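Residue numbers count from 1 along this sequence. Everything numeric in this text was worked out from a predicted model, so none of it was measured.
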Amino acid sequence: IFSLLFLSGNSQPHSSKKVIFALQDADSLILISHKLTKEYAPVIYYPKGHNHTIKKYYPLLINEFINPKILVGKVLLNKAQIAKLVGIFRKSNNQKIVITHDCDEPHNSILIYKNSKLSYIDICLDCWQIHPSNNLQFRKTDMNEGKWNELKNLFIRLKLYISFGAGMKE
């Protein structure tokens with residue numbers, strides 16, 4: 001399934017500026033890879049009487065903290081890595097059309113800590129779907145193909161990238 005998004009051509013939407021500020025103002029930034037979470041796990045219906053095992057999925061958060069049961073890997077970013085991440089989000093977004101897929105299996109997240117409070121962007125780097133914490137108001141239309149590729153490459157370099165379909169194998 002594909003989605004077409006038509007972008008306004010605005011070089012840096014208001015919501016993107018909020019994320020850039022949050023990244024720059026953070027006490028710490030952590031990138032993580034994680035198992036598929038309960039929020040985005042596939043819903044499978046079996047016929048009545050079918051012998052099956054239901055896989056248990058865990059939520060992303062427990063009491064406003066990342067659930068340790070879902071963590072696969074994490075990296076606390078240093079100043080150079082933070083600058084790289086901020087640079088990705090700072091780039092202008094003049095792409096008019098973005099084609100996305102709808103697998104929507106987030107396996108990576110950006111964790112933003114400020115005054116011991118967590119904000120996050122949960123990401124599927126394969127279909128370009130994002131799920132930010134409520135305080136960030138970040139949208140997938142704030143990104144473009146170049147930004148997505150750079151973000152994915154950052155997770156790959158840090159050995160944190162998990163691809164689509166991995167949730168079914170976990």
Side-chain angles (χ1 to χ4, degrees), residues 3-34 36-40 59-68 70-158 160-162 164:
S3 298
L4 279 175
L5 299 172
F6 293 90
L7 304 179
S8 66
N10 184 359
S11 64
Q12 209 171 64
H14 182 67
S15 62
S16 185
K17 290 178 183 176
K18 283 186 174 185
V19 169
I20 292 166
F21 177 77
L23 294 172
Q24 291 175 319
D25 194 46
D27 296 329
S28 61
L29 291 173
I30 299 173
L31 300 186
I32 66 168
S33 57
H34 59 78
L36 186 60
T37 61
K38 184 177 184 178
E39 294 85 352
Y40 305 102
L60 179 68
L61 301 175
I62 295 179
N63 298 323
E64 299 182 29
F65 293 97
I66 291 295
N67 183 349
I70 66 159
L71 281 177
V72 174
K74 68 180 182 176
V75 173
L76 173 65
L77 299 185
N78 62 34
K79 288 185 184 214
Q81 293 163 330
I82 292 170
K84 175 68 177 163
L85 183 63
V86 169
I88 292 168
F89 287 97
R90 271 189 193 273
K91 290 189 176 183
S92 66
N93 186 11
N94 54 12
Q95 190 170 341
K96 300 292 183 200
I97 298 173
V98 176
I99 298 174
T100 64
H101 305 275
D102 286 327
C103 60
D104 203 6
E105 284 192 7
H107 280 88
N108 296 100
S109 298
I110 300 169
L111 307 182
I112 305 165
Y113 289 94
K114 179 67 179 175
N115 298 327
S116 301
K117 291 206 167 236
L118 171 66
S119 299
Y120 64 87
I121 304 173
D122 201 21
I123 307 165
C124 181
L125 290 166
D126 290 312
C127 70
W128 301 349
Q129 299 291 338
I130 59 173
H131 304 281
S133 54
N134 291 335
N135 63 324
L136 290 180
Q137 303 170 348
F138 191 62
R139 301 177 309 257
K140 64 182 174 182
T141 55
D142 296 335
M143 298 289 282
N144 62 30
E145 185 175 357
K147 289 178 167 186
W148 278 115
N149 289 334
E150 284 190 59
L151 189 59
K152 184 175 183 176
N153 287 335
L154 179 60
F155 276 90
I156 289 170
R157 278 194 305 279
L158 296 173
L160 292 173
Y161 170 65
I162 297 178
F164 168 71

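Put simply, the side chain of Ile110 does not reach to within 4.5 Å of the side chain of Val19, judged on heavy atoms. At a threshold of 4.5 Å between non-hydrogen side-chain atoms, the residues Gln24 and Arg90 count as touching. At a threshold of 4.5 Å between non-hydrogen side-chain atoms, the residues Val72 and Leu160 do not count as touching. Side-chain contact check for Tyr40 versus His131: some heavy-atom pair is nearer than 4.5 Å. A 4.5 Å side-chain heavy-atom check between Pro132 and Gln137 finds every atom pair outside the cut-off. Inter-residue side-chain proximity for Leu36 and Ile162 is flagged as unmet; no heavy-atom pair is nearer than 4.5 Å. At a threshold of 4.5 Å between non-hydrogen side-chain atoms, the residues Leu118 and Ser133 do not count as touching. In this structure, the side chains of Tyr161 and Asp126 come closer than 4.5 Å at one or more pairs of heavy atoms.
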Check: Could you walk me through whether His34 and Asn67 pass the side chain to side chain donor-acceptor pair (under 3.5 Å) check?
Finding: CA-CA 10 Å; His34 59 78; Asn67 183 349; over 6 Å; no
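Residue pairs satisfying the salt bridge (charged side-chain N to carboxylate O under 4.0 Å, His left out) criterion with at least one member in residues 20-33, sequence neighbours excluded, are listed as follows: Asp25-Lys114, Asp27-Lys114. Among residue pairs with one or both ends in residues 72-85, those qualifying as salt bridge (charged side-chain N to carboxylate O under 4.0 Å, His left out) are Lys84-Glu150; sequence neighbours excluded.
For the atom pair Phe89 CZ and Leu23 CG, the distance stands at 6.0 Å (nearest 0.5 Å). Interatomic distance, Asp122 CG to Ile66 CD1, rounded to the nearest 0.5 Å: 7.5 Å. For the atom pair CD1 (Ile70) and CD1 (Ile32), the distance works out to 5.0 Å, reported to the nearest 0.5 Å. If you take CG on Leu151 and CG on Leu85, they are separated by 6.5 Å, rounding to the nearest 0.5 Å. A distance of 9.0 Å separates SG in Cys124 from NZ in Lys152, rounded to the nearest 0.5 Å. To the nearest 0.5 Å, atoms CD1 (Ile123) and CE (Met143) are separated by 7.0 Å.
Listed by chain and number, the residues in a ring-ring contact (aromatic ring centres under 6.0 Å, His included) with Tyr120 amount to none (sequence neighbours excluded).
Looking at Asn115, its side chain never comes within 3.5 Å of a backbone N or O of Lys117 through a donor-acceptor pair. Side-chain N or O atoms of Lys91 include none that pairs as donor or acceptor with a backbone N or O of Lys147 at under 3.5 Å.
Using bins of under 30°, 30° to 60° and over 60° for the plane-to-plane angle, the ring pair Trp128/Trp148 lands in the parallel bin.
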